[in-house]
Trainee: 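Next up is a structure, given as C-alpha coordinates.
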Protein chains: 2
Amino acid sequence: MVSYTEENYLKSLFLLSQGSGEVGVNELSQHLGIKMPTVNSMMKKLREKKLVVYEAYKPLKLTARGKKEAGLIVRKHRLTEMFLVDIMGFTWDKVHEIAEQIEHIASPEFFDRMDSMLGHPTVDPHGSPIPDKNGNLVWKQYRSLLEVTAGETVKLCAVINSSDEFLRFLNARNLQLGTKIKVVSVESFDQSMRVSYTGHSDEMLSKIVCEKLLVE
Amino acid sequence: MVSYTEENYLKSLFLLSQGSGEVGVNELSQHLGIKMPTVNSMMKKLREKKLVVYEAYKPLKLTARGKKEAGLIVRKHRLTEMFLVDIMGFTWDKVHEIAEQIEHIASPEFFDRMDSMLGHPTVDPHGSPIPDKNGNLVWKQYRSLLEVTAGETVKLCAVINSSDEFLRFLNARNLQLGTKIKVVSVESFDQSMRVSYTGHSDEMLSKIVCEKLLVE
DNA sequence: TTTATTTGTTAGATGAATCTAACTTTGTAG
DNA sequence: CTACAAAGTTAGATTCATCTAACAAATAAA
(Lines give C-alpha, C1' and ligand atoms only; values in the text may rest on other atoms or scores of the structure.)
Protein backbone atom coordinates (compact mmCIF):
# COMPACT_ATOMS: atom_id res chain seq x y z
CA MET A 1 0.00 0.00 0.00
CA VAL A 2 1.27 3.42 -0.96
CA SER A 3 -0.17 6.32 1.00
CA TYR A 4 -1.39 9.60 -0.44
CA THR A 5 1.75 11.27 0.91
CA GLU A 6 4.08 8.62 -0.42
CA GLU A 7 2.45 8.97 -3.83
CA ASN A 8 3.40 12.62 -3.87
CA TYR A 9 7.02 11.86 -3.10
CA LEU A 10 7.15 9.23 -5.83
CA LYS A 11 5.55 11.54 -8.34
CA SER A 12 7.98 14.38 -7.65
CA LEU A 13 10.92 12.05 -7.80
CA PHE A 14 9.64 10.71 -11.11
CA LEU A 15 9.18 14.14 -12.63
CA LEU A 16 12.52 15.45 -11.38
CA SER A 17 14.25 12.33 -12.69
CA GLN A 18 13.06 12.86 -16.24
CA GLY A 19 16.29 14.50 -17.34
CA SER A 20 19.23 13.41 -15.24
CA GLY A 21 17.78 10.27 -13.66
CA GLU A 22 19.25 11.21 -10.29
CA VAL A 23 17.86 13.65 -7.80
CA GLY A 24 19.19 15.17 -4.59
CA VAL A 25 17.34 15.33 -1.30
CA ASN A 26 17.48 19.10 -1.39
CA GLU A 27 16.02 19.33 -4.87
CA LEU A 28 13.17 17.00 -3.91
CA SER A 29 12.61 18.90 -0.70
CA GLN A 30 12.29 22.19 -2.61
CA HIS A 31 9.96 20.70 -5.19
CA LEU A 32 7.62 19.27 -2.56
CA GLY A 33 7.83 22.27 -0.25
CA ILE A 34 8.79 19.92 2.57
CA LYS A 35 11.85 20.26 4.78
CA MET A 36 14.90 18.10 4.13
CA PRO A 37 14.81 16.00 7.31
CA THR A 38 11.25 14.97 6.51
CA VAL A 39 12.25 14.00 3.01
CA ASN A 40 15.19 12.15 4.45
CA SER A 41 13.07 9.92 6.65
CA MET A 42 10.55 9.35 3.91
CA MET A 43 13.36 8.14 1.66
CA LYS A 44 14.28 5.58 4.29
CA LYS A 45 10.71 4.43 4.43
CA LEU A 46 10.42 4.20 0.65
CA ARG A 47 13.68 2.28 0.57
CA GLU A 48 12.15 -0.27 2.97
CA LYS A 49 9.21 -0.54 0.59
CA LYS A 50 11.61 -1.10 -2.31
CA LEU A 51 10.38 1.92 -4.19
CA VAL A 52 13.52 4.04 -3.96
CA VAL A 53 17.24 3.34 -4.03
CA TYR A 54 18.70 5.33 -1.19
CA GLU A 55 22.10 5.43 0.43
CA ALA A 56 23.30 8.19 2.71
CA TYR A 57 24.83 11.11 0.81
CA LYS A 58 24.11 9.48 -2.55
CA PRO A 59 21.60 10.78 -5.07
CA LEU A 60 18.10 9.31 -5.07
CA LYS A 61 16.80 6.91 -7.69
CA LEU A 62 13.48 5.17 -8.18
CA THR A 63 13.51 1.38 -8.39
CA ALA A 64 11.67 -0.23 -11.30
CA ARG A 65 8.65 -0.67 -9.05
CA GLY A 66 8.88 2.91 -7.84
CA LYS A 67 9.08 4.13 -11.41
CA LYS A 68 6.01 2.19 -12.37
CA GLU A 69 3.98 3.38 -9.37
CA ALA A 70 5.00 6.95 -10.03
CA GLY A 71 4.33 6.71 -13.74
CA LEU A 72 0.83 5.49 -13.05
CA ILE A 73 0.15 8.44 -10.80
CA VAL A 74 1.35 10.83 -13.47
CA ARG A 75 -0.85 8.94 -15.90
CA LYS A 76 -3.86 9.53 -13.67
CA HIS A 77 -2.95 13.19 -13.30
CA ARG A 78 -2.63 13.81 -17.01
CA LEU A 79 -5.65 11.78 -18.00
CA THR A 80 -7.61 13.82 -15.49
CA GLU A 81 -6.37 17.10 -16.93
CA MET A 82 -7.40 15.96 -20.36
CA PHE A 83 -10.77 14.87 -19.08
CA LEU A 84 -11.35 18.18 -17.35
CA VAL A 85 -10.61 20.07 -20.54
CA ASP A 86 -12.14 17.85 -23.22
CA ILE A 87 -15.16 16.46 -21.39
CA MET A 88 -15.89 18.99 -18.69
CA GLY A 89 -14.99 22.17 -20.54
CA PHE A 90 -12.33 23.61 -18.24
CA THR A 91 -9.57 25.77 -19.68
CA TRP A 92 -5.97 24.54 -19.48
CA ASP A 93 -5.07 27.02 -16.75
CA LYS A 94 -7.68 25.66 -14.30
CA VAL A 95 -7.02 21.96 -14.31
CA HIS A 96 -3.78 21.40 -12.45
CA GLU A 97 -5.06 21.86 -8.91
CA ILE A 98 -8.03 19.61 -9.45
CA ALA A 99 -5.97 16.89 -11.13
CA GLU A 100 -3.53 17.12 -8.23
CA GLN A 101 -6.31 15.81 -6.01
CA ILE A 102 -8.01 13.39 -8.37
CA GLU A 103 -4.74 11.63 -9.22
CA HIS A 104 -4.98 9.95 -5.80
CA ILE A 105 -8.37 8.36 -6.38
CA ALA A 106 -8.09 4.59 -6.06
CA SER A 107 -10.21 3.17 -8.86
CA PRO A 108 -8.68 1.75 -12.02
CA GLU A 109 -12.10 1.63 -13.69
CA PHE A 110 -12.55 5.34 -13.16
CA PHE A 111 -9.42 6.20 -15.08
CA ASP A 112 -9.98 3.50 -17.69
CA ARG A 113 -13.33 5.10 -18.35
CA MET A 114 -11.74 8.51 -18.74
CA ASP A 115 -9.16 7.02 -21.06
CA SER A 116 -11.71 5.47 -23.37
CA MET A 117 -14.05 8.48 -23.30
CA LEU A 118 -11.08 10.56 -24.43
CA GLY A 119 -10.11 8.06 -27.13
CA HIS A 120 -6.84 7.03 -25.46
CA PRO A 121 -5.04 10.35 -25.63
CA THR A 122 -1.23 10.44 -25.64
CA VAL A 123 -0.72 13.96 -24.36
CA ASP A 124 -2.36 16.20 -21.77
CA PRO A 125 -3.68 19.72 -22.39
CA HIS A 126 -0.20 21.18 -21.94
CA GLY A 127 1.39 18.80 -24.42
CA SER A 128 3.01 16.59 -21.78
CA PRO A 129 2.89 12.91 -22.68
CA ILE A 130 0.59 10.59 -20.76
CA PRO A 131 2.41 7.50 -19.44
CA ASP A 132 1.02 4.19 -20.70
CA LYS A 133 -0.71 1.60 -18.52
CA ASN A 134 2.64 0.33 -17.28
CA GLY A 135 3.69 3.77 -16.23
CA ASN A 136 6.15 4.21 -19.08
CA LEU A 137 6.68 7.69 -20.36
CA VAL A 138 8.46 8.98 -23.44
CA TRP A 139 8.88 12.60 -24.40
CA LYS A 140 8.99 13.38 -28.08
CA GLN A 141 12.13 15.37 -28.69
CA TYR A 142 10.85 18.85 -29.24
CA ARG A 143 13.05 21.88 -29.57
CA SER A 144 12.52 24.85 -27.35
CA LEU A 145 11.47 27.95 -29.30
CA LEU A 146 14.80 29.43 -28.23
CA GLU A 147 16.61 27.11 -30.63
CA VAL A 148 14.61 28.18 -33.64
CA THR A 149 16.29 30.59 -36.07
CA ALA A 150 14.75 33.64 -37.69
CA GLY A 151 12.64 32.82 -40.73
CA GLU A 152 11.55 29.37 -39.55
CA THR A 153 7.91 28.53 -38.90
CA VAL A 154 7.18 25.96 -36.18
CA LYS A 155 4.20 24.47 -34.39
CA LEU A 156 3.67 24.92 -30.63
CA CYS A 157 3.43 21.40 -29.19
CA ALA A 158 3.91 21.70 -25.44
CA VAL A 159 4.62 24.11 -22.63
CA ILE A 160 7.15 23.29 -19.94
CA ASN A 161 5.84 25.25 -16.99
CA SER A 162 2.12 24.87 -16.51
CA SER A 163 1.57 27.39 -13.73
CA ASP A 164 -1.70 29.29 -13.96
CA GLU A 165 0.22 32.48 -14.40
CA PHE A 166 2.20 31.36 -17.40
CA LEU A 167 -0.85 29.78 -19.01
CA ARG A 168 -2.85 32.96 -18.58
CA PHE A 169 0.02 34.87 -20.13
CA LEU A 170 -0.29 32.61 -23.17
CA ASN A 171 -4.10 32.85 -23.19
CA ALA A 172 -3.85 36.63 -23.25
CA ARG A 173 -1.79 36.38 -26.43
CA ASN A 174 -3.90 33.66 -27.99
CA LEU A 175 -1.04 31.22 -27.98
CA GLN A 176 -2.29 27.65 -27.77
CA LEU A 177 -1.07 24.18 -28.63
CA GLY A 178 -1.05 23.79 -32.38
CA THR A 179 -0.47 27.46 -33.10
CA LYS A 180 1.95 27.91 -36.01
CA ILE A 181 4.55 30.44 -35.00
CA LYS A 182 6.86 32.23 -37.41
CA VAL A 183 10.06 33.59 -35.93
CA VAL A 184 10.54 36.98 -37.53
CA SER A 185 13.74 38.01 -35.78
CA VAL A 186 15.87 37.23 -32.76
CA GLU A 187 17.45 39.92 -30.59
CA SER A 188 20.90 38.51 -29.96
CA PHE A 189 21.43 40.71 -26.90
CA ASP A 190 18.70 39.19 -24.67
CA GLN A 191 17.50 36.37 -26.91
CA SER A 192 13.99 37.81 -27.04
CA MET A 193 12.06 36.98 -30.22
CA ARG A 194 9.79 38.84 -32.54
CA VAL A 195 7.19 36.34 -33.78
CA SER A 196 3.99 36.28 -35.80
CA TYR A 197 1.05 33.89 -35.93
CA THR A 198 -2.62 33.93 -36.87
CA GLY A 199 -4.19 37.10 -35.55
CA HIS A 200 -0.90 38.38 -34.12
CA SER A 201 1.46 39.71 -36.72
CA ASP A 202 3.99 41.25 -34.34
CA GLU A 203 4.43 39.85 -30.85
CA MET A 204 7.53 40.02 -28.63
CA LEU A 205 8.46 37.03 -26.48
CA SER A 206 11.21 37.17 -23.85
CA LYS A 207 13.83 34.47 -23.46
CA ILE A 208 12.11 33.33 -20.27
CA VAL A 209 8.95 32.66 -22.26
CA CYS A 210 10.61 31.18 -25.33
CA GLU A 211 12.53 28.56 -23.44
CA LYS A 212 9.27 27.26 -22.01
CA LEU A 213 7.62 26.78 -25.40
CA LEU A 214 8.33 23.43 -27.05
CA VAL A 215 7.91 23.28 -30.79
CA GLU A 216 8.48 21.13 -33.83
CA MET B 1 -10.64 24.29 7.55
CA VAL B 2 -12.33 20.94 7.79
CA SER B 3 -10.07 17.94 7.29
CA TYR B 4 -10.86 14.90 5.19
CA THR B 5 -11.42 12.95 8.39
CA GLU B 6 -13.64 15.57 9.94
CA GLU B 7 -15.71 15.65 6.78
CA ASN B 8 -16.46 11.98 7.19
CA TYR B 9 -17.64 12.47 10.76
CA LEU B 10 -19.89 15.34 9.71
CA LYS B 11 -21.33 13.39 6.84
CA SER B 12 -22.16 10.35 8.97
CA LEU B 13 -23.69 12.54 11.62
CA PHE B 14 -25.76 14.27 8.96
CA LEU B 15 -27.02 11.03 7.45
CA LEU B 16 -27.75 9.41 10.80
CA SER B 17 -29.60 12.55 11.91
CA GLN B 18 -32.03 12.41 9.00
CA GLY B 19 -34.71 10.69 11.02
CA SER B 20 -34.42 11.40 14.71
CA GLY B 21 -32.18 14.47 14.59
CA GLU B 22 -30.14 13.14 17.49
CA VAL B 23 -27.39 10.56 17.36
CA GLY B 24 -25.43 8.69 20.03
CA VAL B 25 -21.68 8.30 20.12
CA ASN B 26 -22.04 4.54 19.84
CA GLU B 27 -24.24 4.76 16.76
CA LEU B 28 -21.81 7.13 15.06
CA SER B 29 -18.90 4.94 16.06
CA GLN B 30 -20.55 1.87 14.49
CA HIS B 31 -21.44 3.72 11.32
CA LEU B 32 -17.91 5.01 10.81
CA GLY B 33 -16.23 1.79 11.91
CA ILE B 34 -14.17 3.81 14.39
CA LYS B 35 -13.91 3.10 18.11
CA MET B 36 -15.93 5.15 20.58
CA PRO B 37 -13.07 6.93 22.34
CA THR B 38 -11.83 8.21 19.00
CA VAL B 39 -15.28 9.48 18.14
CA ASN B 40 -15.50 11.01 21.56
CA SER B 41 -12.39 13.12 21.10
CA MET B 42 -13.36 14.08 17.59
CA MET B 43 -16.68 15.36 18.94
CA LYS B 44 -14.80 17.60 21.34
CA LYS B 45 -12.74 18.91 18.49
CA LEU B 46 -15.79 19.53 16.31
CA ARG B 47 -17.46 21.28 19.22
CA GLU B 48 -14.50 23.66 19.41
CA LYS B 49 -14.95 24.31 15.72
CA LYS B 50 -18.64 25.05 16.32
CA LEU B 51 -19.76 22.28 14.00
CA VAL B 52 -21.33 19.99 16.58
CA VAL B 53 -23.30 20.49 19.79
CA TYR B 54 -21.75 18.14 22.30
CA GLU B 55 -22.17 17.70 26.02
CA ALA B 56 -20.99 14.66 27.95
CA TYR B 57 -23.57 11.87 27.99
CA LYS B 58 -25.96 13.87 25.81
CA PRO B 59 -26.86 12.95 22.23
CA LEU B 60 -24.95 14.61 19.40
CA LYS B 61 -26.37 17.31 17.16
CA LEU B 62 -24.97 19.28 14.27
CA THR B 63 -24.94 23.06 14.56
CA ALA B 64 -26.39 25.04 11.65
CA ARG B 65 -22.86 25.44 10.29
CA GLY B 66 -22.18 21.74 10.75
CA LYS B 67 -25.38 20.85 8.98
CA LYS B 68 -24.47 23.05 6.04
CA GLU B 69 -20.93 21.68 5.75
CA ALA B 70 -22.22 18.13 5.94
CA GLY B 71 -25.03 18.78 3.49
CA LEU B 72 -22.55 20.12 0.97
CA ILE B 73 -20.43 17.00 1.27
CA VAL B 74 -23.47 14.82 0.69
CA ARG B 75 -24.27 17.05 -2.26
CA LYS B 76 -20.84 16.42 -3.72
CA HIS B 77 -21.21 12.70 -3.12
CA ARG B 78 -24.57 12.41 -4.82
CA LEU B 79 -23.71 14.70 -7.71
CA THR B 80 -20.67 12.53 -8.28
CA GLU B 81 -22.72 9.33 -8.28
CA MET B 82 -25.04 10.86 -10.81
CA PHE B 83 -22.11 11.99 -12.93
CA LEU B 84 -20.52 8.57 -12.84
CA VAL B 85 -23.74 6.97 -14.04
CA ASP B 86 -25.07 9.51 -16.51
CA ILE B 87 -21.87 10.88 -17.99
CA MET B 88 -19.33 8.14 -17.47
CA GLY B 89 -21.55 5.11 -17.95
CA PHE B 90 -21.07 3.32 -14.64
CA THR B 91 -23.87 1.17 -13.25
CA TRP B 92 -25.52 2.19 -9.96
CA ASP B 93 -23.81 -0.59 -8.04
CA LYS B 94 -20.28 0.65 -8.85
CA VAL B 95 -20.42 4.29 -7.93
CA HIS B 96 -20.50 4.50 -4.17
CA GLU B 97 -16.84 3.75 -3.48
CA ILE B 98 -15.62 6.20 -6.07
CA ALA B 99 -17.97 8.96 -4.91
CA GLU B 100 -16.81 8.32 -1.36
CA GLN B 101 -13.39 9.55 -2.46
CA ILE B 102 -14.37 12.29 -4.89
CA GLU B 103 -16.70 13.95 -2.38
CA HIS B 104 -13.57 15.28 -0.65
CA ILE B 105 -12.20 17.11 -3.67
CA ALA B 106 -11.87 20.80 -2.90
CA SER B 107 -13.08 22.60 -6.01
CA PRO B 108 -16.49 24.23 -6.20
CA GLU B 109 -16.14 24.71 -9.97
CA PHE B 110 -15.63 20.99 -10.45
CA PHE B 111 -18.95 20.15 -8.85
CA ASP B 112 -20.74 23.13 -10.42
CA ARG B 113 -19.63 21.78 -13.76
CA MET B 114 -20.97 18.33 -12.95
CA ASP B 115 -24.21 19.90 -11.80
CA SER B 116 -24.76 21.80 -15.01
CA MET B 117 -23.65 18.95 -17.27
CA LEU B 118 -26.27 16.83 -15.52
CA GLY B 119 -28.94 19.53 -15.87
CA HIS B 120 -29.18 20.20 -12.12
CA PRO B 121 -30.44 16.83 -10.99
CA THR B 122 -32.44 16.54 -7.77
CA VAL B 123 -31.83 12.90 -7.00
CA ASP B 124 -28.89 10.51 -7.27
CA PRO B 125 -28.93 7.14 -9.07
CA HIS B 126 -30.44 5.47 -6.01
CA GLY B 127 -33.25 7.98 -5.71
CA SER B 128 -31.74 9.82 -2.75
CA PRO B 129 -32.23 13.58 -2.95
CA ILE B 130 -29.25 15.82 -3.70
CA PRO B 131 -28.90 18.66 -1.17
CA ASP B 132 -29.09 22.15 -2.67
CA LYS B 133 -26.18 24.62 -2.78
CA ASN B 134 -26.81 25.56 0.83
CA GLY B 135 -26.65 21.98 1.94
CA ASN B 136 -30.39 21.68 2.51
CA LEU B 137 -31.94 18.33 1.97
CA VAL B 138 -35.57 17.27 1.77
CA TRP B 139 -36.81 13.75 1.27
CA LYS B 140 -40.04 13.34 -0.63
CA GLN B 141 -42.30 11.26 1.53
CA TYR B 142 -42.32 7.95 -0.21
CA ARG B 143 -43.93 4.84 1.19
CA SER B 144 -41.96 1.68 1.62
CA LEU B 145 -43.23 -1.13 -0.59
CA LEU B 146 -44.16 -2.89 2.63
CA GLU B 147 -47.01 -0.45 3.17
CA VAL B 148 -48.56 -1.11 -0.22
CA THR B 149 -51.66 -3.34 -0.30
CA ALA B 150 -52.42 -6.14 -2.76
CA GLY B 151 -53.82 -4.91 -6.03
CA GLU B 152 -52.07 -1.54 -6.02
CA THR B 153 -49.51 -0.57 -8.67
CA VAL B 154 -46.70 1.76 -7.63
CA LYS B 155 -43.52 3.21 -9.06
CA LEU B 156 -40.09 2.41 -7.61
CA CYS B 157 -38.52 5.78 -6.71
CA ALA B 158 -35.62 5.08 -4.40
CA VAL B 159 -33.74 2.36 -2.56
CA ILE B 160 -32.75 2.79 1.06
CA ASN B 161 -29.68 0.61 1.29
CA SER B 162 -27.30 1.13 -1.58
CA SER B 163 -24.80 -1.61 -0.85
CA ASP B 164 -23.36 -3.29 -3.93
CA GLU B 165 -24.91 -6.53 -2.83
CA PHE B 166 -28.44 -5.22 -2.60
CA LEU B 167 -28.12 -3.33 -5.87
CA ARG B 168 -26.88 -6.42 -7.67
CA PHE B 169 -29.82 -8.32 -6.21
CA LEU B 170 -32.10 -5.76 -7.83
CA ASN B 171 -30.13 -5.81 -11.10
CA ALA B 172 -30.52 -9.57 -11.28
CA ARG B 173 -34.30 -9.10 -11.15
CA ASN B 174 -34.36 -6.14 -13.50
CA LEU B 175 -35.70 -3.85 -10.84
CA GLN B 176 -34.66 -0.26 -11.45
CA LEU B 177 -35.83 3.21 -10.51
CA GLY B 178 -39.01 3.97 -12.42
CA THR B 179 -40.15 0.35 -12.65
CA LYS B 180 -43.92 0.09 -12.18
CA ILE B 181 -44.56 -2.68 -9.68
CA LYS B 182 -47.92 -4.36 -9.16
CA VAL B 183 -48.43 -6.01 -5.80
CA VAL B 184 -50.22 -9.27 -6.56
CA SER B 185 -50.50 -10.63 -3.04
CA VAL B 186 -49.03 -10.27 0.41
CA GLU B 187 -48.15 -13.24 2.61
CA SER B 188 -49.36 -12.08 6.02
CA PHE B 189 -47.17 -14.59 7.85
CA ASP B 190 -43.78 -13.16 6.84
CA GLN B 191 -44.87 -10.06 4.91
CA SER B 192 -43.23 -11.30 1.75
CA MET B 193 -44.84 -10.04 -1.45
CA ARG B 194 -45.71 -11.53 -4.77
CA VAL B 195 -45.25 -8.79 -7.37
CA SER B 196 -45.30 -8.38 -11.13
CA TYR B 197 -43.71 -5.83 -13.47
CA THR B 198 -42.57 -5.60 -17.08
CA GLY B 199 -40.81 -8.80 -18.03
CA HIS B 200 -41.36 -10.37 -14.62
CA SER B 201 -44.90 -11.56 -14.11
CA ASP B 202 -44.30 -13.45 -10.87
CA GLU B 203 -41.50 -12.43 -8.54
CA MET B 204 -41.28 -12.97 -4.77
CA LEU B 205 -39.76 -10.27 -2.56
CA SER B 206 -38.99 -10.82 1.12
CA LYS B 207 -39.90 -8.33 3.81
CA ILE B 208 -36.22 -7.40 4.13
CA VAL B 209 -36.20 -6.39 0.49
CA CYS B 210 -39.60 -4.68 0.43
CA GLU B 211 -38.85 -2.36 3.30
CA LYS B 212 -35.85 -1.04 1.40
CA LEU B 213 -37.82 -0.15 -1.71
CA LEU B 214 -39.39 3.31 -1.65
CA VAL B 215 -42.34 3.85 -3.95
CA GLU B 216 -45.09 6.27 -4.83
C1' DT C 1 -34.56 -0.57 44.02
C1' DT C 2 -30.75 -3.01 43.40
C1' DT C 3 -28.15 -5.08 39.72
C1' DA C 4 -26.58 -5.88 35.15
C1' DT C 5 -25.99 -4.24 30.52
C1' DT C 6 -25.20 -0.83 27.41
C1' DT C 7 -23.34 3.48 26.45
C1' DG C 8 -20.04 7.01 27.18
C1' DT C 9 -15.61 8.98 29.08
C1' DT C 10 -10.67 9.39 30.55
C1' DA C 11 -5.99 8.28 30.32
C1' DG C 12 -2.27 6.89 27.99
C1' DA C 13 0.10 4.57 23.85
C1' DT C 14 1.05 4.27 18.83
C1' DG C 15 2.25 5.46 14.03
C1' DA C 16 2.34 8.76 10.26
C1' DA C 17 3.98 13.05 8.61
C1' DT C 18 5.71 17.04 9.77
C1' DC C 19 8.93 20.48 12.07
C1' DT C 20 13.47 22.87 14.35
C1' DA C 21 18.05 22.69 16.05
C1' DA C 22 22.35 20.82 15.89
C1' DC C 23 25.73 18.14 13.71
C1' DT C 24 28.35 15.81 9.57
C1' DT C 25 29.76 15.13 4.88
C1' DT C 26 30.81 16.66 0.39
C1' DG C 27 32.61 19.59 -2.72
C1' DT C 28 34.35 24.07 -4.20
C1' DA C 29 36.84 28.67 -3.97
C1' DG C 30 40.69 30.70 -2.34
C1' DC D 1 45.13 22.03 0.77
C1' DT D 2 42.64 24.20 3.93
C1' DA D 3 38.26 26.43 4.88
C1' DC D 4 33.75 27.56 4.04
C1' DA D 5 29.28 26.93 1.93
C1' DA D 6 25.94 23.83 0.42
C1' DA D 7 23.79 19.52 0.99
C1' DG D 8 22.59 15.79 3.88
C1' DT D 9 21.77 13.51 8.43
C1' DT D 10 20.36 12.71 13.37
C1' DA D 11 17.80 13.61 17.35
C1' DG D 12 13.93 15.00 19.46
C1' DA D 13 9.34 17.58 19.57
C1' DT D 14 4.57 18.28 17.69
C1' DT D 15 0.00 17.32 15.72
C1' DC D 16 -3.51 14.30 13.95
C1' DA D 17 -6.14 10.26 13.95
C1' DT D 18 -6.27 6.15 15.76
C1' DC D 19 -6.18 2.37 19.38
C1' DT D 20 -6.74 -0.44 24.20
C1' DA D 21 -7.67 -0.64 29.01
C1' DA D 22 -9.98 0.97 32.73
C1' DC D 23 -13.50 3.59 34.78
C1' DA D 24 -18.26 6.12 35.09
C1' DA D 25 -23.01 7.13 33.92
C1' DA D 26 -27.48 5.94 32.18
C1' DT D 27 -30.81 2.68 31.25
C1' DA D 28 -33.19 -1.54 31.34
C1' DA D 29 -34.29 -5.94 33.82
C1' DA D 30 -35.06 -8.59 37.72
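Every chain is numbered from 1 and lettered A, B, ... according to where its sequence line falls, protein lines coming before strand lines.
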Trainee: With sugar-phosphate meaning primed atoms plus P, OP1 and OP2, does T38(A) contact a base, only sugar-phosphate, or nothing at under 4.0 Å between heavy atoms?
Mentor: base

Trainee: Take the protein atom CD1 of I34(B) and the nucleotide atom C1' of dT20(D), then report the distance between them rounded to whole Å.
Mentor: 15 Å

Trainee: Take atom OH of Y4(B) and atom P of dT15(D), then tell me their distance rounded to the nearest Å.
Mentor: 24 Å

Trainee: Does dT18(C) have its OP1 or OP2 closer than 4.0 Å to a side-chain nitrogen or oxygen of Y9(A)?
Mentor: yes

Trainee: Kindly assign one of parallel, tilted or perpendicular to the pair F83(A) and F83(B), based on the angle between their ring planes and the thresholds 30° and 60°.
Mentor: perpendicular

Trainee: Any side-chain heavy-atom pair from H104(A) and N8(A) closer than 4.5 angstrom?
Mentor: yes

Trainee: Please determine whether a side-chain nitrogen of the Lys or Arg among D112(B) and K133(B) lies less than 4.0 Å from a carboxylate oxygen of the Asp or Glu.
Mentor: yes

Trainee: Applying salt bridge (charged side-chain N to carboxylate O under 4.0 Å, His left out), which residue pairs with at least one partner in residues 10-25 of chain B are found, sequence neighbours left out?
Mentor: K11(B)-E100(B), K11(B)-E103(B)

Trainee: Could you tell me which residues satisfy salt bridge (charged side-chain N to carboxylate O under 4.0 Å, His left out) with E187(B), sequence neighbours excluded, listed by chain and number?
Mentor: none

Trainee: Under 3.5 Å, is there a donor-acceptor pair linking the side chains of H77(A) and E81(A)?
Mentor: yes

Trainee: Does the plane of the ring in F166(B) sit parallel, tilted or perpendicular to the ring in F169(B)? Use 30° and 60° as the thresholds.
Mentor: parallel

Trainee: I need the CD-C1' distance between E48(A) and dA16(C), as an integer number of Å.
Mentor: 16 Å

Trainee: Mapping S3(A) and V23(B) to their closest nucleotides on DNA chain C, which lands nearer the 5' end?
Mentor: V23(B)

Trainee: Across nucleotides 9-14 of chain C, 5' to 3', mark each nucleotide with B, S or - according to how protein heavy atoms within less than 4.0 Å reach it.
Mentor: BBB---

Trainee: Measure CG/N26(A) against P/dG27(C) and give the value in whole Å, please.
Mentor: 14 Å

Trainee: Output the rounded distance in Å from CD (E6(A)) to C1' (dA16(C)).
Mentor: 9 Å

Trainee: Round to the nearest Å and state the distance from Q30(A) atom CD to dG8(D) atom P.
Mentor: 10 Å

Trainee: Quick one: M42(A) CE to dG15(C) P, roughly how many Å, whole number?
Mentor: 16 Å

Trainee: Please give, in whole Å, the distance from dA6(D) P to L28(A) CG?
Mentor: 20 Å

